[in-house]
Amino acid sequence: MPELPEVETTCRGIAPHIADRKVVSVIIRESRLRWPISPELEAGITGARVLGVRRRAKYILMETDCGTLMVHLGMSGSLRIMPAEAPALFHDHVDIVLDDLRCLRYHDPRRFGSMHWLSEASHPLLDHLGPEPLSTSFSGAYLYERSRRRSTSVKQFIMDGKVVVGVGNIYANEALFLAGIHPKRASGRVAAARYEALVGAIKDVLSSAIEQGGTTLRDFVGGDGQPGYFAQQLRVYGRQGRPCRVCQTALKEVRQGGRSTVFCRVCQR
DNA sequence: ATGACAACCTGTGGGC
DNA sequence: TGCCCACAGGTTGTCA
């Protein structure tokens with residue numbers, strides 16, 4: 001489910017509801033996430049006042065006056081505001097109960113997500129992340145420099161979190177199509193001007209997906225429970241075998257690093 | 001350093 | 001209808 005636009009949508013959805021609220025308790029029904037939830041989480045967050053919510057890569061950072069709750073949604077996670085008394089459903093693993101009879105409820109069937117309590121400003125998982133894709137430091141020149149003498153494919157290159165964060169499989173496919181670049185091309189052999197186009201495409205596709213409230217595949221819902229509407233604008237992802245929206249050629253599907261790649265062999269070189 | 005791949009899980013959809 | 005397999009939005013850790 002969640003790629004960067006979905007995580008951003010979640011942040012924006014929950015922020016107004018939790019700002020300035022106090023955490024009165026934590027209910028952990030299942031602590032076995034990608035990493036087990038540390039007992040320090042409950043001790044640290046109980047009684048804390050929420051200052052705000054921000055996002056770094058695909059991590060949601062809920063800052064309080066006592067420390068920071070760091071949440072990752074993995075492949076199937078979601079975080080929603082609910083009435084605290086709403087009955088918990090299967091896979092509703094954690095409730096952060098607030099002082100207004102509501103709670104922030106974490107749901108994650110596959111348990112690839114994670115929840116950490118940070119009493120300090122930093123965390124090892126945040127240490128080696130590349131730039132934010134929507135920041136000005138993420139530029140064509142930057143990608144060009146980083147890619148020189150690298151043989152890895154351009155798709156795997158832009159999906160590497162040490163290069164740039166937040167470009168997941170859906171949007172990598174979409175951005176490469178928009179930039180007209182073949183996903184299997186060696187990243188070290190993409191010209192500077194084409195990296196400019198690629199960076200523009202990544203920023204465009206991510207920002208318009210955020211504007212649409214994310215891409216809803218299966219059952220993604222934002223922090224307020226609303227679905228996203230970007231799926232109807234996908235150009236290649238999930239459209240293998242169907243005609244390219246530009247030249248009508250049947251879109252091709254290949255596999256890269258175990259992930260599905262869909263592209264147009266005519267429009268992308 | 002780089003790159004390929006297994007691993008962590010459950011749910012779902014397609015093929016038979 | 002039902003069973004089994006392959007695959008799904010992510011990321012880390014390991015090994016060559």
Side-chain angles (χ1 to χ4, degrees), chain A residues 1-10 29-37 55-60 70-79 89-94 106-116 123-130 133 145-176 183-189 202 205-206 209-210 212-222 227-234 236-241 253-262:
Chain A
M1 168 200 11
E3 288 211 30
L4 185 138
E6 290 72 34
V7 177
E8 181 67 30
T9 297
T10 297
R29 301 183 191 84
E30 175 59 83
S31 60
R32 295 173 304 168
L33 304 186
R34 165 126 205 215
W35 292 282
I37 298 177
R55 177 188 63 69
R56 171 67 176 119
K58 290 173 187 164
Y59 292 99
I60 295 165
M70 178 170 82
V71 180
H72 198 291
L73 302 178
M75 292 269 265
S76 59
S78 64
L79 205 50
L89 304 179
F90 196 31
H91 301 312
D92 281 347
H93 304 314
V94 180
Y106 178 78
H107 176 93
D108 185 7
R110 289 179 76 178
R111 290 192 274 122
F112 279 9
S114 62
M115 213 174 266
H116 288 89
H123 188 279
L125 290 170
L126 301 174
D127 280 351
H128 304 289
L129 296 175
E145 287 305 321
R146 287 288 309 251
S147 61
R148 290 312 88 182
R149 286 176 299 287
R150 287 192 61 166
S151 61
T152 196
S153 71
V154 62
K155 183 183 179 222
Q156 300 208 255
F157 178 66
I158 59 170
M159 289 182 70
D160 180 348
K162 293 187 288 302
V163 173
V164 57
V165 300
V167 183
N169 197 39
I170 296 178
Y171 301 110
N173 277 296
E174 295 300 304
L176 287 164
K184 283 197 159 179
R185 176 173 288 276
S187 53
R189 300 200 180 163
I202 290 171
V205 76
L206 290 177
I210 290 170
Q212 305 278 317
T215 301
T216 292
L217 301 178
R218 297 213 161 85
D219 56 355
F220 172 79
V221 289
Y229 294 94
F230 192 73
Q232 43 213 14
Q233 295 179 29
L234 294 175
V236 287
Y237 183 83
R239 298 193 65 245
Q240 56 276 21
E253 179 176 29
V254 295
R255 211 140 256 293
Q256 291 181 277
R259 316 294 296 277
S260 153
T261 297
V262 186

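We name chains A, B, ... by the order of the sequence lines, and we start the count at 1 in each one. This one's a predicted model, so the numbers in the text were calculated from it and none came from an experiment.
Between the CE atom of Met70(A) and the P atom of dG10(C) there is a distance of 17 Å, rounded to whole Å. Summarising the geometry, the separation between NE2 on His123(A) and P on dT11(C) is reported as 15 Å, rounded to the nearest angstrom. In this structure, Lys162(A) places its NZ atom 15 Å from P of dG10(C), rounding to the nearest Å. Atom CD1 in Ile158(A) sits about 15 Å away from atom P in dG3(B), given to the nearest Å. We find that NZ of Lys184(A) is positioned 11 Å from P of dA4(B), with the value rounded to whole Å. Rounded to an integer number of Å, the gap from Ile60(A) CD1 to dT11(C) C1' is 16 Å. Atom CG of Leu4(A) is separated from atom P of dG10(C) by 10 Å (rounded to the nearest Å). For Arg146(A) and dA1(B), the CZ to P distance is 12 Å, given to the nearest whole Å.
Dashed line: the shortest gap from a side-chain N or O of Arg111(A) to OP1 or OP2 of dC8(B) is not under 4.0 Å. In this structure, Arg149(A) does not reach the dT2(B) phosphate: none of its side-chain N or O atoms is under 4.0 Å from OP1 or OP2. In terms of phosphate contacts, His91(A) brings no side-chain nitrogen or oxygen within less than 4.0 Å of OP1 or OP2 of dC9(B). Phosphate proximity of dA1(B) to Arg150(A): absent, as no side-chain N or O sits under 4.0 Å from OP1 or OP2.
Across all strands shown, Arg32(A) has no heavy atoms under 4.0 Å from either base or sugar-phosphate atoms. Nucleic acid contact class of Leu125(A) (heavy atoms, under 4.0 Å, all strands): sugar-phosphate only. Note on Ser151(A): only backbone sugar-phosphate atoms sit closer than 4.0 angstrom, heavy atoms only; bases stay farther off.
Of all nucleotides present, only dC8(B) satisfies the Watson-Crick or G-U wobble test against dG10(C), with each distance under 3.5 Å.
Considering only the side chain of Met75(A), dA8(C) comes nearest among dG3(B), dT10(B), dA8(C). Taking the side chain of Ser260(A) as heavy atoms from C-beta on, and the options dA8(C), dT11(C), dG3(B), the nearest nucleotide is dA8(C). Out of dG11(B), dG10(C), dG9(C), the shortest distance to the side chain of Phe90(A) is found at dG11(B). Between dA4(B), dA8(C), dC8(B), one nucleotide has an atom nearer to the side chain of Tyr237(A) than all others, and that is dA8(C). The listed nucleotides are dG11(B), dG10(C), dT12(C); the one nearest the side chain of Glu3(A) is dG10(C).
To the nearest 0.5 Å, atom CG of residue Leu176(A) and atom NZ of residue Lys155(A) are 8.0 Å apart. Rounding to the nearest 0.5 angstrom, the gap separating the CE atom in Met159(A) from the CD atom in Glu3(A) is 7.0 Å. Within the model, atoms CZ of Arg110(A) and CZ of Arg34(A) stand 11.5 Å from one another, a figure rounded to the nearest 0.5 Å. Atom NE2 of His116(A) is separated from atom CG of Leu125(A) by 5.5 Å, given to the nearest 0.5 angstrom.
Interface remark: the Arg34(A) side chain does form a donor-acceptor pair with the dT11(C) base, using a distance-only criterion of under 3.5 Å. Scanning atom types as modelled, one donor and one acceptor separated by under 3.5 angstrom connect the side chain of Arg110(A) and the base of dC9(B).
Between Gly257(A) and Pro109(A), the residue anchored nearer the 5' end of DNA chain B, judged by the nucleotide with its closest heavy atom, is Gly257(A).
Using P as the reference atom, dA6(C) and dA6(B) are 14 Å apart when rounded to the nearest Å. Look at the C1' atom in both dG3(B) and dG9(C): the space between them is 23 Å, to the nearest Å. For the P atoms, the distance linking dC3(C) with dC9(B) amounts to 25 Å, nearest Å.
Residue-nucleotide stacking is not present for Phe112(A) and dC9(B), judged by a side-chain ring centre under 5.5 Å from the six-membered base ring centre and planes under 30° apart.
Environment of CZ in Arg32(A): sparse, with no more than 12 heavy atoms of neighbouring residues, nucleotides or ligands closer than 6.0 Å. Other residues, nucleotides and ligands contribute over 12 non-hydrogen atoms within 6.0 Å of the CZ atom of Arg29(A).
Of the candidates Thr10(A), Ile60(A), Leu4(A), Leu4(A) is the only one forming a side chain to side chain contact (heavy atoms under 4.5 Å, CB included) with Arg55(A).
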